[in-house]
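Right, one structure below, let's go through it.
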Amino acid sequence: MINLKFKGMKDNCNFFAEEMAKRFFKQFKNEKFDYIVYVPTTAKRLKERGFNPPYIMARKFSDIVGIPIFENLFSRDENSKTQHGLNYSERIKNARDSYIINLDKLPCENFLLIDDICTTGATLNVLSKLLKENGAEKVVCLVGCIGKRHI
């Protein structure tokens with residue numbers, strides 16, 4: 001994951017997406033999901049890195065499992081800090097202040113939310129809550145890996 005996020009090894013996204021798909025087929029093969037959504041990044045970070053890992057993973061995952069991606073459902077405040085390096089309480093506050101949903105009412109109810117790494121769960125919790133507040137019935141989060149929690 002470090003090579004992916006900090007050394008630009010974009011192809012690693014395929015590995016993580018394939019592993020998520022294996023887990024998905026074992027655990028959720030009989031459940032219905034309308035769309036895949038992913039954690040957004042800022043335009044600045046996208047320009048620096050050249051890609052958004054959760055989006056690349058979501059795209060590959062979508063190809064494997066056959067569930068469409070709901071493009072650009074979330075936006076991230078351009079002035080928000082990256083979560084990397086923040087402690088637990090800072091991550092929660094930062095995530096709460098960083099994301100918005102770009103619709104007032106969702107056209108469907110069941111979502112898979114993809115992120116590259118889960119460290120404290122702050123980002124996934126905030127985005128899941130936004131989905132639920134706007135009409136989602138079920139939100140399942142899938143991540144490429146679990147990070148060491150910074151407390």
Quick one: OG on Ser98 to CD1 on Ile100, what's the gap to the nearest 0.5 Å?
11.0 Å
Checking side-chain contact (heavy atoms from CB on, under 4.5 Å) for the pair Phe70/Asp34: CA distance, chi angles, key distance, verdict?
CA-CA 9 Å; Phe70 197 117; Asp34 301 305; over 6 Å; no
Please check this pair: side chain of Asn134 against backbone of Leu130, looking for a donor-acceptor N/O pair closer than 3.5 Å.
yes
Do Ile146 and Val126 belong to the same hydrophobic cluster, where Ile, Leu, Val, Met, Phe, Trp and Tyr are linked whenever their side-chain heavy atoms lie under 4.5 Å apart, directly or via other members?
yes
Please assess Asn125 against Ile92 for the test side-chain contact (heavy atoms from CB on, under 4.5 Å), listing each intermediate value before the final yes or no.
CA-CA 9 Å; Asn125 285 334; Ile92 291 171; over 6 Å; no
Any link between Ile36 and Phe15 through a network of hydrophobic side chains (Ile, Leu, Val, Met, Phe, Trp, Tyr) touching at under 4.5 Å?
yes
Between Leu131 and Val140, is there shared hydrophobic-cluster membership here, with clusters defined by ILVMFWY side-chain heavy atoms closer than 4.5 Å?
no
Heavy-atom closest pair, residues Asn102 and Asn72:
ND2-O, 2.9 Å
Go through it in stages, so that I can follow the logic: the residues are Ile64 and Phe24, the test is side-chain contact (heavy atoms from CB on, under 4.5 Å), and I'd like the CA-CA distance, side-chain angles, deciding distance and then a yes or no.
CA-CA 10 Å; Ile64 296 168; Phe24 173 80; over 6 Å; no
For the student: nearest non-hydrogen atoms of Ser128 and Cys141, plus distance
OG-SG, 3.5 Å
Assign the ring pair Phe111 / Tyr35 to parallel, tilted or perpendicular, where the plane angle (0 to 90°) is split at 30° and 60°.
parallel
How close do Phe16 and Cys145 get, counting heavy atoms only, and between which atoms?
CE2-CB, 4.4 Å
Any donor-acceptor pair under 3.5 Å from Glu31 side chain to Phe28 backbone:
no
Using modelled atom types only, decide if a donor and an acceptor are shared between the side chain of Asn52 and the backbone of Val39 within a distance under 3.5 Å.
yes
Could you state the interatomic distance from CG (Leu127) to CZ (Arg76), rounded to the nearest 0.5 Å?
9.5 Å
Can you tell me if Lys138 has over 12 outside heavy atoms packed within less than 6.0 Å of its NZ?
yes
Roughly how far apart are Phe33 CZ and Glu109 CD, rounded to 0.5 Å?
13.0 Å
Does the side chain of Val37 come within less than 4.5 Å of Val139's, by heavy atoms?
no
Linking I/L/V/M/F/W/Y whenever their side-chain heavy atoms sit closer than 4.5 Å, directly or via other members, would Ile56 and Ile67 fall into one cluster?
yes
Between Met57 and Asp115, what is the shortest heavy-atom contact and its length?
SD-O, 4.3 Å
Minimum heavy-atom distance Ala58-Tyr38, with the two atoms named
CB-CB, 4.0 Å
Does the pair Lys22/Glu19 count as a salt bridge with the N-to-O cut at 4.0 Å?
yes
State the CG-CG distance between Leu113 and Leu124, to the nearest 0.5 angstrom.
5.5 Å
For residues Thr42 and Asp77, report the shortest heavy-atom separation together with the two atoms involved.
CG2-O, 3.4 Å
Keeping Asn14 on the side-chain end and Lys60 on the backbone end, is there a donor-acceptor pair under 3.5 Å?
no
So if you build clusters from Ile, Leu, Val, Met, Phe, Trp, Tyr with side-chain heavy-atom gaps below 4.5 Å, do Tyr55 and Val143 land together?
no
Any side-chain heavy-atom pair from Cys13 and Pro53 closer than 4.5 angstrom?
yes
Roughly how far apart are Ile114 CD1 and Leu142 CG, rounded to 0.5 Å?
5.5 Å
Could you grab the distance from atom CD1 of Ile69 to atom CZ of Phe61, nearest 0.5 Å is fine?
10.0 Å
Does atom NZ of Lys132 have more than 12 heavy-atom neighbours from other groups under 6.0 Å away?
yes
